Every structure is written in C-alpha cells, then in structure tokens.
Number of protein chains: 2
Amino acid sequence: MRIGELGKATGVDRETIRYYERTGMLPAAARLANGYRAYGAVHLERLAFIRHCRALDMPLVDVRLLLDFLDRPRNDCADVNRLIDAQLVRVRARLKSMRALGRQLEQLRGRCNAKHATTDCGILHELVAAAQGEARTCHGDAATAPIGMKGARKTR
Amino acid sequence: MRIGELGKATGVDRETIRYYERTGMLPAAARLANGYRAYGAVHLERLAFIRHCRALDMPLVDVRLLLDFLDRPRNDCADVNRLIDAQLVRVRARLKSMRALGRQLEQLRGRCNAKHATTDCGILHELVAAAQGEARTCHGDAATAPIGMKGARKTR
DNA sequence: TGAAAACCCTGTAGCGACTCCAATGTCAAG
DNA sequence: CTTGACATTGGAGTCGCTACAGGGTTTTCA
C-alpha cells in the first residue's frame, strides 16, 4: 500500500500520515525501489487507532501513551483508566462551556433581525455593553477609574 | 494606565495585550517618557470588547471584522448578522459532536473498572476494535468530518 | 542609602496538530 | 511523447497565545 492508498483507506491526509511518522507515532514505513513508502496491515491498524483516539479528542501525547500500552503491555492498566477519566473530565467541562456559549450567541442573535445601519445594530451594541459590564464587574475597580491612576496595586 | 494595570483591569495577560497591539487589534499605545506604554479608557474598552468576543469563542479574524464595524460604521449591518450566525453554527456543531464524544467516553470508561493487566484492559480492546471497525467502513468514503477542532478554548 | 522586588521594554522562539508549498522524481494512460 | 496523477524532501505557515532572554526603570522596604 502506498501513502495515497493508506490515506484513502483511513480518511487521513497524506501529509498527516507523514507527520505521524516524523513524530514517531507510526513506525517508519518500508520503501519501494523508487523510494515510495510501502505500508502494510500493521500501519493501517495503527493509523486507524490513532484517528479513533483523535476522534475522541484525545491529545497526541495521550494517544502516544496508549500506543505504548499496546506496544508493551503492563500488568496494570490503572493508567489507562486515569487517562480516559481525565479525557472525560475535559470533554464534560468543554461541553458545559459550549452550552453556555450557544445560549449567549442565540440571545445575541435575537438582538438584530433586520438590516439597518451598523450604528444601530443591536448585536454590536450588546457586545460593547456586555464587554463594558465585564470589565467593570469581573476584574476589580481599576476599570472604572480614569486614566492617571498610580499605586494601589493588588496582588494577583 | 500602564500595561500591567490594564491587564489587571481586564484579566488579560500583558504579553497578550502586546500581541494584540502587534497584530493591530489594539491601536499602538502612547508612550511615557521612559518608554512604557500608556493606556486610556479607549484601550480598556476595546480590549474588553475583544475579550468578550473571544469568550464567545470567535476567532480573531471575526473580532477584527467587528472592530472594523465599530471603527467605521456602515449603513448595513447584515454582515454582523452573518458573522454571528456563522459562529452559532460552529458552536452548535461542536456542541453536538461534544455530546457524542462524552457518551462514547463514558461507555469506554465502563469497560474497565478494575486494575488488571493491560492485555486484558477492556478500554484498550474496545479502542482497537472500534478503530478497526472504522477503518473497514470508511474505506474510500470522504464523508468524515475533519478532526482538528482547534477552536477549543480553555477558560482563562 | 542601598538592595531587592516588581514592573517594563524588545525580539525571538515555542506550543499542538496539522497544512501548504516548492522543487524534484516516478509512473500509467492516451 | 506529453499529460496528469502520484510520490519524495525540507521548510515555512497557521492560530492564539505563552515563554523566555537580556536588558532597563520604578517602587518598596530595611
């Protein structure tokens, strides 16, 4: 199998495959007489594994760890569990913030349903107002003070 | 206001502020006699606006567009709407795939509740099997969504 | 007064996970 | 024999920061 075929079989870009090889996630492929990479079933399996993990949004460092578990089995898989748990935590956290994000955007979108001058655009007004509110409420009193303030630092 | 104060007021790292200036999102600050940047209310507002948009997960290109609308108002805000709509579409799509992701990971996690040898780890087995199934089914079909969701922001 | 801490400057390099490009080589079809 | 699809390499670019290195300035405290 040449790189293009492997790419088609797994839905992975050729450049990405070479990148995985460069970074040691895929073993270096054998070469044909003309220098082209020659792949076998092993590569296909491994690449599919990587992509599946990536589809689960795991960072490559974690995928590398899992690959290592496959390559050199241990007599304790607790680390695998930990890894999946951590991933789950990440995903759940992002899910939560994404939901809030969606709500905010929907609200924002509702502010402007017609075309008019940008000076009257409810969305822009809302964005500006919200930003001002945040600067005032979220990060201390410095925001409200006029320009020339000196001293009065707070520890971060 | 010097850069540190602005940073504290908005919760933005100094390096990030300088980065925004370098990339033209913030106008170049005036300088004090010693070369330190001097910021005023305008900068604070603008920076808060940028951060609010970023909190809505908008890419900086879009934020730049919005800033441009603020700087040079048009007599048509349809582009603003389009921009927000696009962002909403992005967020909804990600939300959906995140939900699926969470379910998959939960299922995966359920495969292994105890410590044992990695050769017997249900999670690893499941991952390998799922990957193989995918490689088989997606043969030649380019219908799979791209994996890299790099808009994934960590909260500050 | 002097030292230490905290702040600021510029410029450059690094991150993750690709993605794109140029310049070149190889091979099958028409 | 040319065209086009495929392959190779090395290097640079992407996004949105973040982290130095190596200097200068200001504030604080003993």
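By convention in this document, chain letters (A, B, ...) are assigned in the order of the sequence lines, proteins followed by strands, and residues within each chain are numbered from 1. Everything quoted here is computed from the prediction, not taken from an experiment.
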Crowded around [X] [atom1]? As in, over 12 foreign heavy atoms under 6.0 Å?
X        : atom1 : value
B:Glu106 : CD    : yes
B:Arg111 : CZ    : no
B:Asp71  : CG    : yes

Quiz item: Judged by modelled atom types alone, do A:Tyr19 and A:Arg14 share a side-chain donor-acceptor pair under 3.5 Å?
Solution: no
Quiz item: Looking only at side chains, do B:Tyr39 and B:Arg46 share a donor and an acceptor under 3.5 Å apart?
Solution: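 Their side chains do not contain a donor-acceptor pair, so the 3.5 Å distance test is not met.
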I'd like a table of atom pairs between the protein and nucleotides 27-30 of chain C - only N or O on both sides, under 3.5 Å - with the distance next to each one.
unit_1 : atom_1 : unit_2  : atom_2 : d
C:dC27 : OP1    : A:Asn34 : ND2    : 3.2

Separation of [X] atom [atom1] from [N] atom [atom2], in whole Å?
X       : N      : atom1 : atom2 : value
B:Tyr19 : D:dT18 : OH    : P     : 10 Å
B:Ile50 : D:dC15 : CD1   : P     : 16 Å
B:Ile3  : D:dT26 : CD1   : P     : 16 Å
A:Met1  : D:dC6  : CE    : P     : 16 Å
B:Leu32 : D:dT27 : CG    : P     : 11 Å
B:Tyr39 : C:dC7  : OH    : P     : 16 Å
B:Leu47 : D:dG16 : CG    : P     : 15 Å
A:Met58 : C:dG16 : CE    : P     : 17 Å

Quiz item: If you check the A:Arg14 side chain, which of D:dC6, C:dT10, C:dA17 turns out closest?
Solution: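 Ranking D:dC6, C:dT10, C:dA17 by closest atom to the A:Arg14 side chain puts D:dC6 first.
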Quiz item: Of all the choices, D:dG16, C:dC9, D:dT18, which nucleotide is nearest to the side chain of B:Arg31 once you look at every atom?
Solution: C:dC9
Do the side-chain N or O atoms of [X] get closer than 4.0 angstrom to the phosphate oxygens (OP1, OP2) of [N]?
X       : N      : result
B:Arg54 : D:dC17 : yes
B:Thr16 : D:dG16 : no
B:Arg18 : D:dG16 : no

Quiz item: Is it true that a side-chain atom of A:Arg54 and a backbone atom of A:Met58 form a donor plus acceptor pair closer than 3.5 Å?
Solution: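 Yes; judged by distance alone, with no hydrogens or angles, the pair exists.
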Quiz item: With a non-hydrogen cut-off below 4.0 angstrom, is B:Arg37 in contact with a base, only sugar-phosphate, or nothing?
Solution: sugar-phosphate
Exercise. Give, for atom CZ of A:Arg92 and atom CE of B:Met98, the distance between the pair rounded to the nearest 0.5 Å.
Key: 13.0 Å
Quiz item: Mapping A:Leu60 and A:Glu15 to their closest nucleotides on DNA chain C, which lands nearer the 5' end?
Solution: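 Nearest-nucleotide comparison on DNA chain C picks A:Leu60.
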Quiz prompt | Least distance between heavy atoms, A:Leu32 atom then A:Ala38 atom | solution = CD2-CB, 3.9 Å
Exercise. Indicate the atoms forming the closest heavy-atom contact of A:Ala78 with A:Asp76, along with that distance.
Key: N-OD1, 2.9 Å
Quiz item: Would you call A:Asp68 and A:Arg72 a salt bridge, taking side-chain N to carboxylate O under 4.0 Å as the test?
Solution: yes
Quiz item: Near DNA chain D, which residues from residues 20-30 of chain A have a heavy atom under 4.0 Å away?
Solution: none
